[in-house]
Amino acid sequence: MKIGEALQKKLAKKYEPSTMVSLKFNRYDVALKTDEEGNPILLFIGKADENGTIKGDRYTRRLVKDSSGAVIKDHWDYKGKTQ
């Protein structure tokens with residue numbers, strides 16, 4: 001599964017820092033792990049089971065900033081299926 005433009009817009013938002021955020025996106029369940037600034041850095045997307053564990057795909061974010069805080073590199077890497 002590829003991260004589409006609509007999901008990219010949701011991932012560009014800031015969320016509560018250092019937490020796991022659960023939300024729905026179209027027909028998928030999504031869980032985001034945020035860093036200390038509230039940027040999503042870990043993404044699980046698929047179908048949640050009765051325990052809330054998502055079975056689907058996992059992505060990690062590469063977010064590199066320079067010394068002044070400007071973003072140099074920002075992209076999502078596919079890390080495989082989750083069970």
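Note that the numbering runs from 1 along the sequence shown for the chain. None of the values given here were measured: they were computed from a predicted structure.
For the pair K81 and D57, the minimum side-chain heavy-atom distance is below 4.5 Å. With contacts defined as side-chain heavy-atom distances shorter than 4.5 Å, the pair I3/L43 qualifies. Counting heavy atoms from C-beta outward, E37 and K65 have side chains that approach closer than 4.5 Å. Side-chain contact check for K10 versus L23: some heavy-atom pair is nearer than 4.5 Å. In this structure the side chain of S22 never reaches within 4.5 angstrom of the side chain of F44, judged on heavy atoms. With a 4.5 Å cut-off on side-chain heavy atoms, V71 and V64 do not count as touching.
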Is there a side chain to side chain contact (heavy atoms under 4.5 Å, CB included) between K73 and L63 once you walk through the steps?
CA-CA 6 Å; K73 185 184 279 190; L63 188 60; over 6 Å; no

Could you walk me through whether Y28 and K47 pass the side chain to side chain contact (heavy atoms under 4.5 Å, CB included) test, one step at a time?
CA-CA 6 Å; Y28 298 105; K47 269 300 195 202; over 6 Å; no

Applying salt bridge (charged side-chain N to carboxylate O under 4.0 Å, His left out), run through D49 and K55 and close with a yes or a no.
CA-CA 7 Å; D49 63 10; K55 306 227 188 284; 3.7 Å; yes

Let's go through D74 and R61 carefully: what are the C-alpha distance in whole Å and the side-chain angles of both, what is the deciding distance for salt bridge (charged side-chain N to carboxylate O under 4.0 Å, His left out) to 0.1 Å, and is it a yes or a no?
CA-CA 7 Å; D74 181 6; R61 187 178 194 181; 2.8 Å; yes

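One hydrophobic cluster, built from ILVMFWY side chains closer than 4.5 Å, cannot hold both L7 and M20; they sit in different ones.
Residues I41 and T34 come closest through the heavy atom pair CG1-C, 4.1 Å. When all heavy atoms of I54 and D29 are compared, the pair lying nearest together is CD1-O, 3.6 Å. The two residues T82 and R58 make their nearest non-hydrogen contact at CG2-CB, 3.7 Å.
Crowding of K9 atom NZ: a count of heavy atoms from other residues, nucleotides or ligands under 6.0 Å not exceeding 12. Atom CD of Q8 sits in a crowded spot, with more than 12 heavy atoms from other residues, nucleotides or ligands closer than 6.0 Å.
Here W76 contributes atom CH2 and L11 contributes atom CG; the two are 5.0 Å apart, rounded to the nearest 0.5 Å. Residue L42 holds its CG atom at 10.5 Å from NZ of K79, rounded to the nearest 0.5 Å. One finds the CG atom of L32 at 9.0 Å from the OG1 atom of T19 (value rounded to the nearest 0.5 Å).
Using modelled atom types, one finds no donor on one side chain facing an acceptor on the other under 3.5 Å when comparing T53 with N51.
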